[in-house]
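As the structure is a prediction and not an experimental result, all values here were calculated from the model.
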Amino acid sequence: MVEELLTAVLAAGVGAAVYMGAAARVVKQYERGLVFRFGRLREEIRPPGFTVIVPVIDRLRKVNMQIVTLPVPAQEGITRDNVTVRVDAVVYFKVVDPANAIVAVEDYRFAVSQMAQTSLRSIIGKSDLDDLLSNREMLNQGLELMIDSPAVGWGVQIDRVEIKDVSLPETMKRSMARQAEADRERRARVINADAELQASHKLAEAAEVMSEQPAALQLRLLHTIVAVAAEKNSTLVLPFPVELLRFLERSVPQAGAGAATAREEPAPAGPASEGPGPAGVADDDSDALGAAPAADALGPAADGLMLDAPAPEQQRKGLRD
């Protein structure tokens, strides 16, 4: 009798252990449990921890509530300004309604992935190349809104959508590089022109100050000479001092005025020869012609002398008398 009782108790214990092993379930902290009894969803959602279901009758489906990182494959499309690009993105989402995520859609991960690819193609076709490269924040918000609208009915919440990379053709990259170089060159020229304008204003002010004080120009020249001599790679030649130049500038007008006065006043005529002699008598016309070059060499003074001197015929007449 006792043995039969012990056997029954042992059998009951084994059966209870087997039952508990088949009925016991553990739901992790980041999961939620859905129980299907005869294929029908129970309203109660099992929280994290230890839970029990009816073996054979119930089936427990666990749903991950963590944020899922879903990469979107690169999509090739043509932008609104007719440029072929390849764009890839990443979607961050999480399940907020486990029942709809399991019942409303067959595979919510696959559904979100396909919706993200379709929305990305649509965004590429509606955007310009400049928007894809520089205005990604607005595109990310638009892409997130396009994916989140149908995902709400699937019990999925889109947390964030980011465009990772935009691949351009090599020809477009070279064109953009040339455009950037031209823009930088334009800005460099504008900056240089502005610097030249400011420098010209300052030089004009400096010239105005130096014109009032001539010594400032000389000091500036000396400073320039010192700066050039400090390099020790060039030769500086000064033919004469600056003071000599200033002296010559002051003396040149006076010398020019004296020469003009000398040219205007004729030289006094010399005395005519009275007696006969070999020097005062012209034997033939060749002596008179030979005196012409000497007169030309004397210049204006010789012209005066030639005007006052008697002619050769008069000298011969005087000798006969």
Exercise for review: Considering non-hydrogen atoms only, spot the tightest contact between Ser119 and Met146 and give its length.
Suggested key: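 The answer is OG-CB, 3.8 Å.
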**Study point:** Asp88 to Val72 - nearest heavy-atom pair and separation
**Key:**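 So the two residues come closest at CB-O, 3.7 Å.
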Check your understanding: Which heavy atom in Val85 sits nearest to a heavy atom in Leu132, and how many Å separate them?
Key -> CG2-CD1, 4.0 Å
Point to revise | Under 3.5 Å donor-acceptor, Ser127 side chain and Ile124 backbone | key: no
Practice item. May I ask you to check whether Arg46 and Thr51 show a side-chain donor-acceptor distance below 3.5 Å? Key: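 Present: a donor and an acceptor within the cut-off.
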Review point. Can you name the closest pair of heavy atoms from Gln66 and Lys94 and give their distance?
Key: O-CB, 3.7 Å
Point to revise | Side-chain (Lys126) to main-chain (Thr79) donor-acceptor, under 3.5 angstrom | key: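 No, because the side chain of Lys126 does not come within donor-acceptor range (under 3.5 Å) of the backbone of Thr79.
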Review point. What is the minimum heavy-atom distance between Met172 and Leu168, and which atoms define it?
Key: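 Shortest heavy-atom separation between Met172 and Leu168 comes out as CG-CD1, 4.3 Å.
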Check your understanding: Taking the hydrophobic residues Ile, Leu, Val, Met, Phe, Trp and Tyr, and joining any pair whose side-chain heavy atoms are under 4.5 Å apart, which ones share a cluster with Val96?
Key ->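 Its cluster partners, ordered by chain and number, are none at all.
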Study note, to complete from the structure: When rounded to the nearest 0.5 Å, the distance separating CD of Gln75 from CD of Gln117 is 4.5 Å
Exercise for review: Spell out, as yes or no, whether a donor-acceptor pair under 3.5 Å connects the side chain of Arg25 to the backbone of Ala22.
Suggested key: yes
Practice item. Mind listing the closest non-hydrogen atom pair of Asp131 and Arg80 along with its distance? Key: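 Scanning both residues, the minimum pair turns out to be OD2-NH2, 4.5 Å.
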Check your understanding: Got a sec, which hydrophobics cluster with Tyr30, joining ILVMFWY side chains under 4.5 Å apart, including via others?
Key -> none
Exercise for review: Look only at the side chain of Asp58 and the backbone of Val54, and say whether a donor-acceptor pair between them is shorter than 3.5 Å.
Suggested key: yes
Exercise for review: In sequence, state the C-alpha distance, the side-chain angles, and the governing distance for Ile191 and Asp194, and then conclude on side chain to side chain contact (heavy atoms under 4.5 Å, CB included).
Suggested key: CA-CA 5 Å; Ile191 293 173; Asp194 191 12; 5.7 Å; no
Exercise for review: Taking the side chain as every heavy atom from C-beta outward, state whether Arg109 and Val68 have any pair of such atoms under 4.5 Å apart.
Suggested key: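 Side-chain contact under 4.5 Å: yes.
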Exercise for review: Would you list the pairs meeting side chain to side chain donor-acceptor pair (under 3.5 Å) in which at least one residue belongs to residues 138-154, sequence neighbours left out?
Suggested key: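 Those involving residues 138-154 are Asn140-Glu162.
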Review point. For Ile57 and Phe38, what are the C-alpha separation, side-chain angles and deciding distance, and is it a side chain to side chain contact (heavy atoms under 4.5 Å, CB included)?
Key: CA-CA 6 Å; Ile57 299 176; Phe38 294 111; 3.2 Å; yes
**Study point:** Test side chain to side chain contact (heavy atoms under 4.5 Å, CB included) applied to Ile53 and Phe36, step by step
**Key:** CA-CA 10 Å; Ile53 62 174; Phe36 291 88; over 6 Å; no
